[in-house]
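This report concerns only the one structure given below.
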Amino acid sequence: MPRRYWLLKTEPDVFSFDDLLAAPQQTSGWDGVRNFQARNFLRDDMKVGDGVLIYHSRIPPMAIVGVAEIAKEGHVDPTQFDPRDHHFDPKSKRESPQWFQVDVRAVQKLARPVTLEELRGLPALKEMALLQRGQRLSVQPVRKSEFDFILKLAKSRAQ
DNA sequence: GCCAACGTTGGC
DNA sequence: GCCAACGTTGGC
């Protein structure tokens with residue numbers, strides 16, 4: 001099975017790439033995802049060693065800011081059972097959990113953020129999920145060509 | 001803060 | 001199973 005590539009969105013005021021770098025072993029559970037399509041990627045498709053782009057949404061500058069990798073494959077997201085947690089799901093039963101997470105380990109911060117604005121209009125990325133109209137999935141597959149292109153972009157125009 | 005896009009819920 | 005109402009995402 002060849003290595004696959006993904007993009008994970010996060011709101012940096014909630015959890016940023018710097019927070020991931022500061023975590024023990026630079027690793028964190030990617031919990032709180034409450035969308036079935038995204039859940040299926042987390043539970044079924046992500047494998048240890050897969051490459052991950054971390055994207056900051058909502059707070060400007062919206063940008064891809066770092067690279068990570070899958071450190072642990074899909075396992076139960078405990079926040080679904082915690083009534084005090086923002087992501088609590090009263091419909092989730094312990095014997096049949098609905099929501100899953102992976103563990104993600106930081107690999108490197110990009111030399112500079114690659115902004116959404118910059119990504120738009122690049123022919124090499126015109127099919128990238130992040131850039132499609134109306135998309136809002138927080139867990140997205142990324143092509144190897146797109147992953148490599150973005151890493152090169154971050155280096156080539158680094159200040 | 002606005003609102004388009006889209007996912008989910010629930011009445012029927 | 002349909003679909004209107006509602007809630008959320010996330011760029012602007």
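Naming: A, B, ... by sequence-line order, numbering from 1 per chain. Atoms considered below: every heavy atom in the structure, side chains included; atoms not considered: hydrogens, waters and symmetry mates. All values derive from a computational prediction rather than experimental measurement.
- For the side-chain hydrogen bond (donor to acceptor under 3.5 Å, both in side chains) condition, the pairs that include at least one residue of residues 120-129 of chain A, sequence neighbours left out, are A:E127-A:R143.
- Among residues two or more places apart in sequence or in another chain, the ring-ring contact (aromatic ring centres under 6.0 Å, His included) test is passed with A:F41 by A:W6.
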Completion exercise
The contact string for nucleotides 5-11 of chain C, one letter per nucleotide 5' to 3', using protein heavy atoms under 4.0 Å with B, S and - for base, sugar-phosphate only and none, comes out as --BBSBB
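- Contacts classified as salt bridge (Lys or Arg N to Asp or Glu O under 4.0 Å) and involving residues 28-43 of chain A (residues at least two apart or in different chains) are given here: A:R34-A:D77.
- Applying the side-chain hydrogen bond (donor to acceptor under 3.5 Å, both in side chains) test to every pair with at least one member in residues 54-65 of chain A, sequence neighbours left out, gives no pairs at all.
- Screening residues 94-105 of chain A for side-chain hydrogen bond (donor to acceptor under 3.5 Å, both in side chains) gives A:E69-A:R105, A:H75-A:Q101, A:H75-A:D103, A:D89-A:Q98, A:D89-A:W99 as the qualifying pairs, with residues at least two apart or on separate chains.
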